[in-house]
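Below you'll find the structure, written out as structure tokens, and then a few comments.
If you're wondering where the values come from, they're calculated on a predicted model, not measured in any experiment.
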Amino acid sequence: MKRFLLVLCCILSILLGALGVFAAEGNVYRVVLDDTIDNGSVHMVKKAIEEADASMADLLIVEVDTYGGYIDSAIEIKDAILSSPVKTVTYVNKKAMSAGSLIAVAGEKMYMAPGSTIGAAEAREGEEKADYKVTSAWVSEMRSTAEARGKDPKLMAAMAEESIVIDGLVDEGELLSLTDNESLELGLADGSASSLLDVCTAENLTDDTITTVEESGLEKIAAFLTSPVVSGLLIAIGVVGLLIELLTTGIGAAGIIGISAWVLYFAGHALLDNIGWTAVIFFAAGLVFIILEAFVIPGFGVAGIAGIASILFSVFLIAPSVESGLITIGVALVAAVLLMVISMKNKKTRSLWKKLVLKDRTDAENGYTSPNMDNSSYLGKEGVALTPLRPAGTIDIDGDRVDVVTEGDFLATGTKVKVIGLDGTRIVVRLVK
């Protein structure tokens, strides 16, 4: 009987194991990252996690096919995946390069499509390698994420730092990139999958209707407005518009265009939940200062400078890091200068700048004459004070009204005086006793 029961348990175990091969129906969600990793990508992943959690999904698949993007955005996505209440796996479909490699390894499991690659994740600022502090922090993020998922941290570090050497895999001065087969052999990838259904099968789930979380119309507009190029251009237009408005009186087309550009910039970030009340307050305060400068205290003074500074500071509050904020403002200011130069060169927009320049001339043709600066003819002559001389005033000399100054005495109207000297353009007189 004992042997019979033992054999029966073995048979049941084998049957249950076999049944486990066949996937059970499950509620599966999916989000695709197939473009530059930026603020829009962060919003989409967080949205997918929220929707999957709300529908009690069994699995969320983050499909990665990107050449990379912004480090700050990649770290935000990584953090969201690590803390996701829903089981989240990543699927590298074709490529997970640069910032995409961090996202790919953040899943509870990582599956790779045949022919896909991962790696080459060096932190860069423009065309140059990022400085030591940024690189060090980025390598640490790669290491810690790999450790959190039970992967070899040195593999991820070698993708981000060319000084790391792995014998037989990558030499000094090179960045590590791995194919799907190499990733499987090294234990970085957890499996191979030719499709999403293969991923579901590997997770013992099957569902012909995988729910894909997509951007709404407003979210697509917001992603467009918050893209680095467009957001930088909006800031540049906003800066130029406000500068023109501060140099002119009242609110004109330049002011409306400038304010509209700023509103679009902040509206895009607000739709993606990238903006806090502090940024809104500084932006609103900036607009108030600009309006005061335009209507209450015309000219370009303290209120105008405070307004622009307040608005630019709100950009820093929205930026994911100080470095990112500085880069955004720097690019925007350079673009603003270029826009101003181009507009002044263009015939259609040059008339706008001509309005800022005083073209009237005080010449003889327009009825303006300069005073006679040769006062030597008055030297030694006497005259009568037409106004009190305290000590400056006006006297009459042979029918001419002449502005004069005494040696310091205060003389009453009607006093007789004599011109005793010339001091530049001043005519000096003395009381005639």
Side-chain angles (χ1 to χ4, degrees), residues 239-255 258-259 282 285-313 333 336-337 340-341 343-344 350-433:
V239 169
V240 172
L242 293 181
L243 284 176
I244 294 175
E245 199 58 42
L246 290 174
L247 294 172
T248 56
T249 304
I251 291 291
I259 292 174
F282 273 96
L287 288 182
V288 170
F289 281 123
I290 297 297
I291 293 172
L292 287 174
E293 186 78 18
F295 291 104
V296 181
I297 41 178
F300 190 58
V302 176
I305 295 172
I308 292 179
S310 181
I311 290 175
L312 291 179
F313 183 68
L333 291 177
V337 172
M340 293 174 71
V341 172
S343 64
M344 286 188 287
R350 190 183 302 164
S351 58
L352 174 65
W353 295 99
K354 288 182 178 179
K355 295 178 181 179
L356 304 179
V357 180
L358 181 63
K359 295 182 291 183
D360 294 334
R361 296 183 179 182
T362 55
D363 53 21
E365 294 179 358
N366 293 316
Y368 294 95
T369 57
S370 60
N372 182 13
M373 303 303 293
D374 184 10
N375 297 317
S376 59
S377 61
Y378 294 125
L379 192 60
K381 289 188 176 182
E382 295 181 353
V384 178
L386 297 176
T387 65
L389 305 181
R390 300 178 178 173
T394 304
I395 67 172
D396 177 272
I397 300 178
D398 297 336
D400 294 338
R401 293 175 62 90
V402 182
D403 293 328
V404 298
V405 61
T406 71
E407 294 177 297
D409 300 325
F410 281 26
L411 304 178
T413 303
T415 303
K416 191 173 182 180
V417 294
K418 180 179 180 180
V419 178
I420 62 169
L422 302 175
D423 183 10
T425 59
R426 295 196 310 167
I427 301 175
V428 183
V429 298
R430 179 183 295 169
L431 172 66
V432 174
K433 298 181 181 179

Candidates N375, I427, V428 - the one meeting side chain to side chain contact (heavy atoms under 4.5 Å, CB included) with V419
I427
Using 0.5 Å steps for rounding, measure from the CG atom of D400 to the OG atom of S377.
8.0 Å
What one should report as the nearest heavy-atom pair of I420 and L379 is C-CD1, 3.8 Å
Return the CD1 to CG distance between I395 and D403, rounded to the nearest 0.5 Å.
9.5 Å
Measure across S310 and F282 and return the closest heavy-atom pair with its distance rounded to 0.1 Å.
OG-O, 2.5 Å
Measuring from atom CG of L386 to atom OG1 of T415, what distance do you get when rounded to the nearest 0.5 angstrom?
11.0 Å
Please report the C-alpha distance between V404 and Y378 in whole Å, then the side-chain angles of each, then the deciding distance to 0.1 Å, and finally whether the side chain to side chain contact (heavy atoms under 4.5 Å, CB included) criterion is met.
CA-CA 11 Å; V404 298; Y378 294 125; over 6 Å; no
Backbone N/O of T387 and side chain of T394: donor-acceptor pair under 3.5 Å
no
Passing option when E382 is tested against K433, K418, K416 for salt bridge (charged side-chain N to carboxylate O under 4.0 Å, His left out):
K416
